[in-house]
Amino acid sequence: APKPNLLISKSGPVTGIVNTNYDYTLVVTNSGTASTAGVVTVTDNLPNGLQFVSGGGNGWSCSASGQLVTCTNSGVIAVSGSSSMSLTVKPTQAGTYTNVGSVVGGGDISTETSNSVTTVISNPPTPNLVVVKTGPSVATVGTNFNYTLTVNNTGLAASTGTITVTDNLPIGLQFVSGPSTGGFTCSAVGQVVTCTNNGSTQIPAGQSVGLSITVKANFSGVFKNTAVVSSNGGTPKTSNETTTTVNCPTDINPGVLGF
């Protein structure tokens with residue numbers, strides 16, 4: 001007697017990103033000699049790490065219990081006809097996920113399993129901020145000089161949120177001013193200079209922002225200094241160390257500098 005014979009195929013992406021939804025497509029084909037009659041059931045046991053979001057298609061109704069997704073369709077699939085559905089899933093962790101679907105019903109009592117689909121899920125690209133500090137090797141008491149703090153994004157994504165650069169000036173160096181352009185503002189409390197973007201200016205992957213900090217040397221000595229950068233309250237990263245030797249002026253006007 002004529003009877004339906006159901007087959008199922010599955011397709012999906014080769015790669016994906018953690019916490020970014022993607023779709024599987026399952027296609028049920030009737031390769032038999034009679035149309036289906038009754039409910040056709042498709043099941044898909046998702047691997048741990050994949051979360052069911054939604055599913056459906058023309059005549060299909062899908063739901064999940066734990067990792068097991070079940071889709072049913074009471075419609076007729078004609079001989080040589082097919083019916084498809086999409087399953088939207090969310091990967092919650094990185095890994096390699098291999099998955100199949102199965103179909104039964106509609107007058108076909110045998111369960112058929114689809115081809116397997118393998119998807120490699122990666123963590124999303126992230127920024128990586130580092131700071132490089134430069135300054136003069138020598139300076140003179142009573143005069144201003146500049147430090148340049150260059151914040152480099154060596155990561156694979158643009159920075160987000162608040163970027164904070166701090167510079168704890170050695171005693172004897174006095175903060176004068178910070179950059180007036182570039183989206184960063186700087187201020188000092190005591191010896192600690194803090195520059196922030198206030199979340200408004202971001203640094204694209206592979207690019208950098210330079211901050212010029214003007215300081216005044218109030219007495220002579222050898223001043224070693226570093227800067228620190230952090231983003232969104234993440235782990236602070238310290239720059240290289242600069243060394244500036246501050247000398248007394250060779251032509252002193254008595255009373256002006258207190259010598």
Side-chain angles (χ1 to χ4, degrees), residues 1-127 155-161 199 202 204-205 232 234:
K3 61 180 182 179
N5 182 42
L6 298 182
L7 304 175
I8 184 170
S9 63
K10 183 169 185 175
S11 60
V14 175
T15 60
I17 301 294
V18 170
N19 292 327
T20 299
N21 294 351
Y22 68 88
D23 292 338
Y24 288 120
T25 299
L26 298 108
V27 180
V28 177
T29 301
N30 184 359
S31 64
T33 55
S35 298
T36 61
V39 177
V40 176
T41 301
V42 170
T43 55
D44 191 329
N45 194 10
L46 297 176
N48 290 327
L50 297 183
Q51 176 183 322
F52 174 73
V53 176
S54 63
N58 186 19
W60 292 95
S61 176
C62 300
S63 61
S65 176
Q67 295 302 109
L68 181 63
V69 179
T70 302
C71 300
T72 58
N73 189 343
S74 298
V76 173
I77 303 176
V79 174
S80 299
S82 62
S83 182
S84 64
M85 74 212 73
S86 292
L87 300 183
T88 300
V89 298
K90 178 181 179 180
T92 58
Q93 60 189 43
T96 300
Y97 297 94
T98 299
N99 190 220
V100 298
S102 298
V103 64
V104 68
D108 185 354
I109 60 174
S110 62
T111 299
E112 294 292 333
T113 301
S114 75
N115 57 294
S116 63
V117 174
T118 298
T119 303
V120 178
I121 302 299
S122 303
N123 288 312
T126 58
L156 300 176
S159 62
T160 60
Q202 300 303 331
N232 290 329

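Note that the numbering runs from 1 along the sequence shown for the chain.
Every pair tested for side-chain hydrogen bond (donor to acceptor under 3.5 Å, both in side chains) that includes a residue from residues 64-77 fails, sequence neighbours excluded, so the list is empty. Residue pairs meeting the disulfide bond (SG atoms under 2.5 Å apart) criterion with at least one partner in residues 59-121, sequence neighbours excluded, are C62-C71. For residues 57-84, no pair satisfies salt bridge (Lys or Arg N to Asp or Glu O under 4.0 Å), with sequence neighbours left out.
When V103, L6, V40, L7 are each tested for a side-chain contact (heavy atoms from CB on, under 4.5 Å) with D108, only one passes: L6.
Taking all atoms of both residues into account, the shortest heavy-atom contact from A78 to S35 is CA-OG, 3.5 Å. Looking at every heavy atom in both residues, G106 comes nearest to P4 through O-CG, 3.4 Å. When all heavy atoms of I8 and V42 are compared, the pair lying nearest together is CD1-CG1, 3.8 Å. Scanning both residues, A205 and G155, for their nearest heavy atoms gives CB-O, 3.5 Å.
Without hydrogens or angle criteria, N30 side chain to G32 main chain gives a donor-acceptor distance under 3.5 Å. A donor-acceptor contact shorter than 3.5 Å links the side chain of T36 to the backbone of I77.
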Between side-chain atoms of residues 46-60 and protein atoms elsewhere (two or more places apart, or another chain), which donor-acceptor pairs fall under 3.5 Å?
{"unit_1": "W60", "atom_1": "NE1", "unit_2": "S83", "atom_2": "OG", "d": "2.7"}

Can you give the donor-acceptor pairs under 3.5 Å from side chains of residues 13-29 to other protein atoms, not counting sequence neighbours?
{"unit_1": "Y22", "atom_1": "OH", "unit_2": "Y24", "atom_2": "OH", "d": "3.0"}
{"unit_1": "D23", "atom_1": "OD1", "unit_2": "T88", "atom_2": "OG1", "d": "2.6"}

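From N115, atom CG reaches atom OG of S11 across 8.0 Å, with rounding to the nearest 0.5 Å. Atom CG of N99 and atom OG of S114 lie 7.5 Å apart (nearest 0.5 Å).
With sequence neighbours left out, D44 forms a salt bridge (charged side-chain N to carboxylate O under 4.0 Å, His left out) with K10.
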